[in-house]
Amino acid sequence: MAEHDMIEPVIGVIGGSGLYNIDGLEDREWRKVETPWGDPSDELLFGRLDGVRCVFLPRHGRGHAIPPSDLNYRANIDALKRSGVTDIVAVSAVGSLRDDLPPGSFVLVDQFIDRSFARQKSFFTTGCVAHVPMADPTCPRIGDVIAREAGRLDFAMRKGGTYLVMEGPQFSTRAESELYRQWGCSVIGMTNMPEAKLAREAEMDYASIAMVTDFDCWHEDHDSVTVDAVIKVMKRNGERARALLTAVIPALGQARGACHAGCDRALEHALITPADKRDPELMAKLDAVAGRVLAR
Ligand SMILES: CSC[C@H]1O[C@H](OP(=O)(O)O)[C@H](O)[C@@H]1O
Ligand SMILES: Nc1ncnc2[nH]cnc12
């Protein structure tokens, strides 16, 4: 896309623990989307909110049956891209690593430390190598819109924070939790990587709203984190996230030019394998993710 072209954005929402649906969608329809990377977590929910096209995907599937390490992150991102999504708002439950982010806090994440290790992290495997920039892993344009709408709703949200991605599914040990605090991390979760990396490779703008459910295990006034405790806070967080999305989606959906941060052109200078050395089978699989740059 050239910088002066106008687009009608399509907003993708990836719902994490506690968010399996979104409110107020017109023309709603759950549809199966096939991808060359396998099956996404579930069918995708298509619809419109105030006329803005949006597509919702429950990250762990409806019924939350898929753990973080078994999620097919590539299929999830490809399915959204294939469905026309331009902007992704990811919503996730997290533990807090800071005293001033108690359960119930919302954080607009702007950095990640990726400690996950048992996942497929790239669309670009042997046969076509690409290295996209990740210095700023989230889209500041989407972040500004979320922060503005949160402000309008009088909704407290911390702008900026580092999300430590652990492999899981077990929660962290106290020593790990203390280490991540020393590293200056704000929150801990299990899913935003490789999701954010793959969104960047697929040239989709990605923002992450982290909803704090617990103090992980470092906090002296709190016991170890348990799923029961997490679920109690998660229900309330989920309701508030749905209210926020009802405002954010129509605001993000206004016609716009290219992203000033360049997220939608991340592959522009990323491919290193020359055209005549690329694997045709892999090229076919990359049709949705990299079609813009491979077509020329
Ligand atoms: C239910 S607590 C642990 C679980 O919740 C988070 O999931 P998501 O990021 O999809 O909201 C965390 O990453 C774990 O997968
Ligand atoms: N403490 C925690 N650690 C990892 N993922 C989480 N998701 C919610 N709380 C979490």
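For ligands, and for the atoms within them, numbers begin at 1 and follow the listed sequence. Note that the coordinates shown come from a computational prediction; the quantities given were computed from them, not determined experimentally.
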Novice: Give the residue, atom name and distance (to 0.1 Å) of the protein heavy atom nearest atom 4 (C) of ligand 1.
Specialist: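 Scanning the protein heavy atoms, the shortest distance from atom 4 (C) of ligand 1 goes to Ser17 OG, 3.6 Å.
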
Novice: Parallel, tilted or perpendicular: which describes the rings of Tyr180 and Trp183, with under 30° parallel and over 60° perpendicular?
Specialist: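 Answer is tilted, since the angle falls between 30° and 60°.
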
Novice: Return yes when atom NE2 of His269 has more than 12 non-hydrogen atoms of other residues, nucleotides or ligands closer than 6.0 Å, and no otherwise.
Specialist: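 It does not: His269 NE2 has 12 such atoms or fewer within range.
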
Novice: Where does Thr191 meet ligand 1, judged by heavy-atom distances below 4.0 Å: at the side chain, the backbone, both, or neither?
Specialist: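 Looking at Thr191 and ligand 1, atoms from backbone and side chain both fall under 4.0 Å.
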
Novice: Between Arg62 and Trp30, is NZ or CZ placed under 6.0 angstrom from the six-membered ring centre and within 45° of the ring axis?
Specialist: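 Yes, a cation-pi geometry holds between Arg62 and Trp30.
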
Novice: On a heavy-atom basis, which atom in Leu108 and which in Gly143 lie closest, and how many Å separate them?
Specialist: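 Where Leu108 meets Gly143 most closely, the heavy atoms are CD2-O, 3.3 Å.
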
Novice: Can you list every ring-ring contact (aromatic ring centres under 6.0 Å, His included) pair that touches residues 78-101, not counting sequence neighbours?
Specialist: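 Not a single pair qualifies under ring-ring contact (aromatic ring centres under 6.0 Å, His included).
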
Novice: Show, in sequence, the C-alpha distance, side-chain angles and deciding distance for Val165 and Thr191, and conclude whether the side-chain contact (heavy atoms from CB on, under 4.5 Å) test is met.
Specialist: CA-CA 7 Å; Val165 188; Thr191 61; over 6 Å; no

Novice: Under 6.0 Å from the six-membered ring centre of Trp218 and within 45° of its axis: does the NZ or CZ of Arg181 meet both?
Specialist: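 Yes, a cation-pi geometry.
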
Novice: N/O of Met166 under 3.5 Å from N/O of ligand 2, yes or no?
Specialist: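 It does not: no N or O of Met166 is found under 3.5 Å from an N or O of ligand 2.
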
Novice: Decide whether an N or O pair under 3.5 Å exists between Gly16 and ligand 1.
Specialist: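 Among all N and O atoms of Gly16, none is under 3.5 Å from an N or O of ligand 1.
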
Novice: Is the charged tip of Arg240 near the ring of Phe155: under 6.0 Å from the six-membered ring centre and within 45° of its axis?
Specialist: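 So Arg240 does make the cation-pi contact.
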
Novice: Contact between ligand 1 and Val230 is defined here as a heavy atom of the residue under 4.0 Å from a ligand atom; is it met?
Specialist: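 Yes, Val230 has heavy atoms under 4.0 Å from ligand 1.
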
Novice: For ligand 1, does Arg59 get within less than 4.0 Å through its side chain, its backbone, both, or neither, judged by non-hydrogen atoms?
Specialist: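 It is the side chain that gets close, since no backbone atom is under 4.0 Å.
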
Novice: How far is atom 3 (N) of ligand 2 from its nearest protein heavy atom, and which residue and atom name does that atom have?
Specialist: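 Looking at atom 3 (N) of ligand 2, the protein heavy atom closest to it is Phe171 CD2, 3.5 Å.
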
Novice: Of the side chain and backbone of Pro68, name the one, both, or neither that has a heavy atom under 4.0 Å from an atom of ligand 1.
Specialist: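 The side chain, only.
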
Novice: Do me a favour and list the nearest non-hydrogen protein atom to atom 6 (C) of ligand 2 with residue, atom name and distance?
Specialist: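 That would be Ile188 O, 3.7 Å.
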
Novice: Return the residue, atom name and 0.1 Å-rounded distance of the protein heavy atom closest to atom 14 (C) of ligand 1.
Specialist: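 Ranked first by proximity to atom 14 (C) of ligand 1 is Met190 SD, 3.7 Å.
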
Novice: Which residue and atom name correspond to the protein heavy atom nearest atom 8 (C) of ligand 2, and how close is it?
Specialist: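 Answer, as residue, atom name and distance: Thr213 OG1, 3.3 Å.
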
Novice: Judging by distance only, is a nitrogen or oxygen of His60 under 3.5 angstrom from one on ligand 1?
Specialist: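 The answer is yes, given that His60 and ligand 1 share an N or O pair closer than 3.5 Å.
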
Novice: Quick check on side-chain contact (heavy atoms from CB on, under 4.5 Å): which of Val89, Val52, Leu25 does Ile249 satisfy it with?
Specialist: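 Result: among Val89, Val52, Leu25, Val52 is the only option passing the side-chain contact (heavy atoms from CB on, under 4.5 Å) with Ile249.
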
Novice: Please list the nearest protein heavy atom to atom 3 (C) of ligand 1 with its residue and the distance rounded to 0.1 Å.
Specialist: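 Here the closest protein heavy atom is Phe171 CE2, 4.1 Å.
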
Novice: Numbering the atoms of ligand 2 from 1, which are under 4.0 Å from a heavy atom of Met190?
Specialist: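 It comes down to these atoms of ligand 2: 4 (C), 5 (N).
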
Novice: Between Thr213 and Pro103, is any pair of side-chain heavy atoms under 4.5 Å apart?
Specialist: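 Side-chain contact under 4.5 Å: no.
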
Novice: Select one of side chain, backbone, both or neither to describe which atoms of Asp214 lie under 4.0 Å from any atom of ligand 2, heavy atoms only.
Specialist: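 The answer is the side chain of Asp214.
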
Novice: Please list the nearest protein heavy atom to atom 10 (C) of ligand 2 with its residue and the distance rounded to 0.1 Å.
Specialist: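 The closest one turns out to be Gly95 N, 3.4 Å.
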
Novice: Begin from the C-alpha positions of Leu286 and Phe124 and carry the test side-chain contact (heavy atoms from CB on, under 4.5 Å) through to its verdict.
Specialist: CA-CA 8 Å; Leu286 289 168; Phe124 294 91; 3.8 Å; yes

Novice: Which residue owns the protein heavy atom closest to atom 7 (N) of ligand 2, what's the atom, and how far is it?
Specialist: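 Going atom by atom, the protein heavy atom closest to atom 7 (N) of ligand 2 ends up being Ala93 O, 3.4 Å.
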
